[in-house]
Protein chains: 2
Amino acid sequence: MLETFRALADPSRLQIVALLLCEPLSVGTIAERLRIRQPQASKHLRTLSDAGLVEVHPDAQRRIYALRAQSFRDLDSWLERYRRGFEQQFERLDHVLEDLQVNAKNIKEQTNPALGRG
Amino acid sequence: MLETFRALADPSRLQIVALLLCEPLSVGTIAERLRIRQPQASKHLRTLSDAGLVEVHPDAQRRIYALRAQSFRDLDSWLERYRRGFEQQFERLDHVLEDLQVNAKNIKEQTNPALGRG
DNA sequence: ATTGAATATTCCTTGACAAGAATATTCTCA
DNA sequence: TGAGAATATTCTTGTCAAGGAATATTCAAT
């Protein structure tokens with residue numbers, strides 16, 4: 001995950017990923033769309049590739065880069081732990097509220113036992 | 001998103017977020033668990049806070065840090081676009097395969113018209 | 001084989017940021 | 001109000017990574 005976040009923690013690379021969301025593209029096209037120089041595009045793609053976020057499919061002297069679905073699934077399952085974490089926090093909160101209601105009821109009954117068998 | 005990724009692109013901060021997944025913690029406890037010095041913990045928490053990933057709840061002279069659910073929801077909706085993107089890629093692939101089958105059938109029928117009305 | 005197109009790599013400089021040390025701030029309690 | 005605990009900030013230093021320029025590599029076509 002660390003490598004993934006490091007790879008995405010750059011504006012150019014975030015733009016590249018957004019571009020590739022639409023369609024696989026060659027290095028030259030990416031450089032053109034982002035208005036950066038070709039070597040920078042290559043370097044960013046190298047970083048993204050090392051992090052497993054993109055894969056390359058050579059086509060003659062071109063190299064077509066595409067998003068790698070697995071890495072996004074990995075990111076999703078990382079995030080899943082947090083989704084569950086928040087759910088559990090809400091559950092705990094619910095229990096606390098339940099307990100508060102039960103306690104309030106008990107206190108009422110202790111104060112006025114007639115309420116116990118309404 | 002860029003700020004979020006930048007905040008998560010550090011091993012200590014990634015650990016802090018993982019810690020807070022279990023329960024909100026004070027600065028001192030976080031520093032202790034991560035075996036880093038208190039000022040570093042404060043600085044990392046500052047970064048996470050600036051990125052909106054955590055929120056603070058003062059308790060006497062302690063400051064209890066907790067994950068901020070909204071930022072993870074934002075991350076989730078960012079990721080959602082990519083989930084959809086891959087779905088569409090598969091759909092396109094399915095259509096291509098369908099077309100291939102249709103074409104194969106047509107070619108068969110053109111080669112042997114008797115197959116057209118089985 | 002040679003040329004040209006597309007891409008990758010290297011070297012260099014510079015800016016950003018993390019860690020460490022010291023200090024400042026904030027809050028509680030006696 | 002003074003002391004101490006918990007946390008935040010500042011300053012410095014060292015490291016890493018991005019951008020630019022130049023060059024190397026790879027591949028197709030003639």
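Below, read A as the first sequence line, B as the second, and so on, with proteins coming before strands; counting in each chain starts at 1.
C:dT7 atom C1' lies 13 Å from atom CD1 of A:I36, rounded to whole Å. Between A:L45 atom CG and C:dA8 atom P there is a gap of 7 Å when expressed in whole angstrom units. At whole-Å resolution of the value, CZ in B:R63 and C1' in C:dC27 are 11 Å apart. Here the C1' atom of nucleotide D:dT26 and the CG atom of A:D59 are 14 Å apart, to the nearest Å. Separating the CD atom of A:E32 from the P atom of C:dT7 is a distance of 11 Å, rounded to the nearest angstrom. Between the P atom of D:dG14 and the CD atom of B:Q40 lies a distance of 16 Å, rounded to the nearest Å. The interatomic distance linking B:L34 (CG) with C:dA18 (P) rounds to 14 Å, in whole Å. With rounding to whole Å, B:E3 atom CD is found 13 Å from C:dA16 atom P.
Proximity note for A:S12 (side chain, C-beta onward) versus C:dA18, C:dT7, D:dG19: the nearest is D:dG19. Taking the side chain of A:P39 as heavy atoms from C-beta on, and the options C:dT7, C:dT9, D:dA17, the nearest nucleotide is C:dT9. Comparing atom distances between the B:S42 side chain and each of D:dA28, D:dA8, C:dT28 picks out D:dA8 as nearest. Set against C:dA21, C:dT7, D:dA18, the side chain of A:R62 has C:dT7 as its closest nucleotide. With distances taken from any side-chain atom of B:Q61 to the nucleotides C:dA18, D:dA6, D:dG20, the minimum falls on D:dA6. The side chain of B:D10 approaches C:dA18 more closely than any other nucleotide in the set D:dG19, C:dA18, D:dA8. Listed candidates were D:dG20, D:dT9, C:dA19. Nearest to the side chain of A:R37 is D:dG20. The B:R13 side chain lies nearest to C:dA18 when the options are C:dA18, D:dG19, C:dA8. In this structure, the nucleotide among D:dG20, C:dT7, D:dT10 sitting nearest to the side chain of A:K43 is D:dG20.
For B:D76 and B:R83, the salt-bridge test passes: some basic side-chain N is under 4.0 Å from an acidic carboxylate O. Taking 4.0 Å as the cut-off between side-chain N and carboxylate O, B:D74 and B:R68 do not count as a salt-bridged pair. Salt bridge status for B:R63 with B:D59: absent, with no side-chain N to carboxylate O gap under 4.0 Å.
Within 4.0 Å (heavy atoms only), A:T47 reaches no atom of the nucleic acid at all. Across all strands shown, A:P58 has no heavy atoms under 4.0 Å from either base or sugar-phosphate atoms.
At the phosphate of D:dG19, OP1 or OP2 sits under 4.0 Å from a side-chain N or O atom of A:H44.
The residue among A:R6 and B:Y65 whose nearest nucleotide of DNA chain D lies closer to the 5′ end is B:Y65.
Between atom CG of residue A:L20 and atom CD of residue A:Q15 there is a gap of 11.5 Å, rounded to the nearest 0.5 Å.
Side-chain contact check for A:R37 and A:Q40: no donor-acceptor pair (N or O, by modelled atom type) lies under 3.5 Å.
Using bins of under 30°, 30° to 60° and over 60° for the plane-to-plane angle, the ring pair A:Y82/B:F72 lands in the parallel bin.
Side-chain to base pairing of B:Q38 with D:dA6: no donor and acceptor N or O lie closer than 3.5 Å to each other.
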